[in-house]
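First up is the structure itself, then whatever we jot down about it.
Just the heavy atoms: all of them, side chains too, but no hydrogens, waters or symmetry mates, feed the values below.
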Amino acid sequence: MARLTGRTVLITGAARGIGAACARRLAADGARLVLADLDGPGVEKLADELGQVAVRADVTRTQEIERMLEEPYRRWGRLDVLFNNAGVIRVQPLLEVTEAEWDRVLNVNLRAAFFVLQAAARRMARQEPIPGSELRGKLIHTASIAAYRGGNHLMTPYSASKAGVVSLTRSAAQALAPHRITSNCVCPGAVETAMWEQIDREWGTLEGLAPGEAWKRRIQPIPLGRPERPEDVAGVVAFLAGPDSDYMTGQAVNVDGGLVMGN
């Protein structure tokens with residue numbers, strides 16, 4: 001069912017993983033997409049596959065954020081939904097985290113998320129409501145259950161950044177409600193993506209684990225008994241992008257197979 005027909009959506013971090021799965025789902029649901037990623041060839045390939053628009057963008061650079069956001073307005077005159085998804089991770093013991101690594105993770109995961117949100121919301125606040133809705137725009141962010149399970153000292157900057165995304169989501173929800181803009185985030189768990197392949201590799205190197213062992217340890221306690229797939233997140237993002245969630249704002253939605261129950 002094409003629940004998103006006529007809605008224009010911008011996805012950052014769209015070339016692979018959760019971003020790519022969400023692009024496929026939202027395209028299938030009828031959305032018009034601008035797909036943005038630092039990986040220009042990767043995002044171009046996905047956009048060609050889906051018949052959508054690609055933009056190479058470094059979301060840590062303000063000028064590139066502005067250029068990225070011009071694209072949906074140039075083509076369709078509006079942006080209805082932002083999926084603020086770009087993110088990075090590094091596995092390191094807390095006592096070995098360098099200033100450069102801390103800055104890299106926080107710059108992409110939190111600083112960029114804020115300035116992309118801010119730039120999008122400024123434009124949304126000036127546009128007419130989404131057709132068939134009282135809202136002018138919807139903001140969706142990718143956080144993580146790491147925001148609540150920050151006890152893994154091997155991913156301290158990542159966990160801190162994702163806790164910041166949850167806080168940012170709620171601050172934006174309050175600030176932007178008078179403009180009829182909602183703000184929610186999804187909190188995935190252990191998702192079968194290239195990022196988790198990186199975590200498994202770096203975690204295994206630090207603790208002398210065989211390839212795949214860290215991943216097995218991470219998914220073993222999942223109550224639903226299987227790893228999370230990017231498509232599991234995409235279904236929730238499609239709901240948040242569509243009309244059935246128009247009365248939701250300030251929410252952090254766990255999509256994790258039951259690893260965290262409540263937050």
Side-chain angles (χ1 to χ4, degrees), residues 4 7-90 100-101 103-124 139-142 144 157-158 161-162 165 186 188 191-199 201-202 229-231 233-234 237-238 241:
L4 301 180
R7 293 199 177 196
T8 301
V9 183
L10 169 64
I11 302 176
T12 68
R16 60 183 58 81
I18 289 172
C22 290
R24 291 188 174 96
R25 172 61 187 267
L26 270 57
D29 285 355
R32 304 178 297 205
L33 303 179
V34 174
L35 307 179
D37 203 285
L38 186 60
D39 176 4
V43 78
E44 286 278 1
K45 181 179 178 181
L46 179 63
D48 289 345
E49 171 195 327
L50 299 176
Q52 303 289 346
V53 178
V55 178
R56 185 195 178 279
D58 180 349
V59 293
T60 66
R61 298 179 180 273
T62 303
Q63 287 184 332
E64 295 202 23
I65 292 173
E66 295 296 330
R67 179 177 58 81
M68 174 182 73
L69 281 164
E70 286 172 3
E71 194 65 23
Y73 285 91
R74 184 177 70 83
R75 289 178 177 270
W76 298 295
R78 61 182 302 111
L79 174 64
D80 300 307
V81 181
L82 166 68
F83 182 34
N84 210 0
N85 173 67
V88 297
I89 197 168
R90 180 69 194 280
E101 286 295 338
D103 288 347
R104 173 177 173 267
V105 173
L106 271 291
N107 279 346
V108 175
N109 293 3
L110 186 56
R111 181 182 181 277
F114 172 74
F115 285 107
V116 172
L117 173 164
Q118 184 189 63
R122 283 172 172 166
R123 288 166 171 79
M124 289 175 171
L139 307 174
I140 308 167
H141 319 281
T142 300
S144 169
Y158 179 81
S161 72
K162 293 304 184 178
V165 170
V186 289
V191 190
E192 291 179 314
T193 62
M195 179 179 282
W196 249 102
E197 291 175 4
Q198 174 192 344
I199 295 169
R201 184 172 60 253
E202 294 179 354
R229 294 183 284 266
E231 292 75 16
V233 185
V237 170

Nearest heavy atoms of [X] and [Y], plus distance in Å:
X     : Y      : answer
Leu79 : Ala120 : CD2-CB, 4.2 Å
Tyr73 : Met124 : OH-N, 3.6 Å
Leu46 : Ala14  : CD2-O, 3.1 Å
Ala36 : Leu10  : CB-CD1, 4.2 Å
Pro72 : Leu69  : CD-O, 3.3 Å
Ala47 : Val53  : CB-C, 3.9 Å

Glu70/Arg123 ion pair, N-O < 4.0 Å
no
Salt bridge or not between Glu49 and Arg24? Use side-chain N to carboxylate O under 4.0 Å. yes
Problem - Close side-chain approach of Val105 and Ile89, heavy atoms under 4.5 Å - result: no
Residues passing the side chain to side chain contact (heavy atoms under 4.5 Å, CB included) test with Ala31, sequence neighbours excluded, are Leu4, Val9, Leu26, Leu33
For Glu101, the side chain to side chain contact (heavy atoms under 4.5 Å, CB included) test, sequence neighbours excluded, returns Arg90, Gln92, Thr98, Arg104
Please check this pair: side chain of [X] against backbone of [Y], looking for a donor-acceptor N/O pair closer than 3.5 Å.
X     : Y      : result
Asn85 : Thr142 : no
Asn84 : Thr12  : no
Asp80 : Thr8   : yes
Arg67 : Arg56  : yes

Could you tell me the separation between the [atom1] atom of [X] and the [atom2] atom of [Y], rounded to the nearest 0.5 Å?
X      : Y      : atom1 : atom2 : value
Asp37  : Asp58  : CG    : CG    : 10.0 Å
Trp76  : Arg7   : CH2   : CZ    : 15.5 Å
Asp48  : Leu35  : CG    : CG    : 10.0 Å
Leu110 : His141 : CG    : NE2   : 11.0 Å
Asp103 : Thr60  : CG    : OG1   : 11.5 Å

field: side-chain contact (heavy atoms from CB on, under 4.5 Å) between Val59 and Met68, intermediate numbers included
entry: CA-CA 9 Å; Val59 293; Met68 174 182 73; 4.3 Å; yes
The side-chain contact (heavy atoms from CB on, under 4.5 Å) partner of Asp39 among Arg16, Lys45, Glu44 is Arg16
Next on the checklist: Looking at Arg61, I'd like to know if its CZ atom is crowded, meaning that more than 12 non-hydrogen atoms belonging to other residues, nucleotides or ligands lie closer than 6.0 Å.
Outcome noted: no
